[in-house]
2 protein chains.
Amino acid sequence: MDCGDLFNPDCPTRLVLDRIADKWTVMLLVLLSQGPMRFSALKRATGISQKVLAQTLKRLERDGFASRAVFPTVPVTVEYLITPLGADLAQTLEGLRLWSERHIGAVLAAQRDYDAAA
Amino acid sequence: MDCGDLFNPDCPTRLVLDRIADKWTVMLLVLLSQGPMRFSALKRATGISQKVLAQTLKRLERDGFASRAVFPTVPVTVEYLITPLGADLAQTLEGLRLWSERHIGAVLAAQRDYDAAA
DNA sequence: CAGTATCCGGAGCGATACTG
DNA sequence: CAGTATCGCTCCGGATACTG
């Protein structure tokens with residue numbers, strides 16, 4: 001891994017990591033990559049508080065990972081959709097998901113050993 | 001992406017993500033994957049505060065991603081080394097790094113557009 | 001329904017001082 | 001050298017209440 005620029009706070013990898021590294025972003029990314037969803041559906045599915053959900057969706061939109069579709073019904077209906085960029089990122093995250101499922105056992109075992117030694 | 005279990009806080013992907021999603025873990029992982037390093041060298045290379053560096057290294061060790069080698073010199077010498085598990089994870093993160101370098105332009109452009117509209 | 005506004009507690013991180 | 005201990009600030013996230 002070329003990491004010279006990792007020391008730069010503006011390094012692409014750090015920027016992306018900082019963006020997806022909060023509690024809910026990846027989860028919403030994955031959810032939306034399965035299909036469009038409305039605000040309340042996302043809230044129900046995830047259990048996120050309204051404030052944080054709104055916040056996270058706004059950032060997703062700002063970064064170009066999701067888009068908003070507003071239907072002028074009464075009351076208003078809003079759908080969130082993943083963008084091609086967001087779908088591409090979700091696809092890439094798949095590698096990390098596979099790694100996690102394969103190796104989580106090893107990680108948890110290491111933690112147990114470590115804690116037992118202490 | 002099979003995300004049914006993403007809603008479970010104990011889902012492997014969330015566990016791993018939560019562990020590497022802090023400010024310094026990935027950077028240390030990458031650094032150590034290039035070769036063993038001593039505490040003070042890591043401190044100099046990264047600019048992390050002593051407290052947070054010690055904290056982060058301890059977690060890396062607990063998760064089985066790094067190991068400590070203590071040499072009984074005076075004063076004591078300590079080297080940190082990446083483990084096979086840690087090296088494997090660093091390798092996987094390479095995919096995310098590549099994605100970041102390829103698409104960071106699109107992300108920053110999206111942010112500019114979004115901010116300009118507001 | 002789809003948000004915004006406000007308050008609050010806890011975690012993360014840095015700076016500083018101290019120790020074997 | 002390789003840490004630990006303490007303080008203080010900031011930001012994140014949750015709970016609650018309110019609005020077009």
Of the options [options], whose atoms approach the side-chain atoms of [X] most closely?
X       : options               : answer
A:Val52 : C:dA17, C:dA2, D:dG13 : D:dG13
A:Gln50 : D:dC1, D:dA17, C:dA17 : D:dA17
B:Thr77 : D:dG3, C:dG3, D:dA2   : D:dA2
A:Pro75 : D:dA2, C:dG3, C:dC1   : C:dC1

Any side-chain N or O of [X] less than 4.0 Å from the OP1 or OP2 oxygen of [N]?
X       : N      : answer
A:Arg68 : C:dG3  : yes
B:Arg38 : D:dC1  : no
A:Ser49 : D:dA15 : no

Self-check item: Main-chain N/O of B:Asp88 paired with B:Thr92 side-chain donor or acceptor, under 3.5 Å
Solution: yes
Practice problem: Spell out, as yes or no, whether a donor-acceptor pair under 3.5 Å connects the side chain of A:Thr83 to the backbone of A:Gly64. | Solution: yes
Quiz item: Across the strands shown, which category fits A:Tyr80 at heavy-atom distances under 4.0 angstrom: base, sugar-phosphate, nothing?
Solution: sugar-phosphate
What's the [atom1]-[atom2] distance between [X] and [N], to the nearest Å?
X       : N      : atom1 : atom2 : answer
B:Phe39 : D:dC1  : CZ    : P     : 11 Å
B:Leu42 : D:dG3  : CG    : C1'   : 13 Å
A:Leu53 : D:dA15 : CG    : C1'   : 15 Å
B:Arg19 : C:dG12 : CZ    : P     : 10 Å
A:Leu28 : D:dG13 : CG    : C1'   : 14 Å

Quiz item: If you find the nucleotide of DNA chain D closest to A:Asp22 and the one closest to B:Lys58, which residue's nucleotide is nearer the 5' end?
Solution: B:Lys58
Exercise. Show your reasoning for whether salt bridge (charged side-chain N to carboxylate O under 4.0 Å, His left out) applies to B:Glu94 and B:Arg97.
Key: CA-CA 5 Å; B:Glu94 178 71 5; B:Arg97 186 185 72 79; 2.9 Å; yes
Smallest separation among heavy atoms of [X] and [Y], with atom names:
X       : Y       : result
A:Leu53 : A:Ile48 : N-CG2, 3.6 Å
B:Ser67 : B:Glu61 : CA-CG, 4.3 Å
B:Phe39 : B:Gln50 : CZ-O, 4.0 Å

Exercise. Can you check whether any acceptor in the base of D:dG13 is under 3.5 Å from a donor in the side chain of A:Lys51, or vice versa?
Key: yes
Quiz item: What is the bend of the helix from C:dC1-D:dG20 to C:dG20-D:dC1 when you compare the axis at one end with the axis at the other, using five pairs each and rounding to 10°?
Solution: 40°
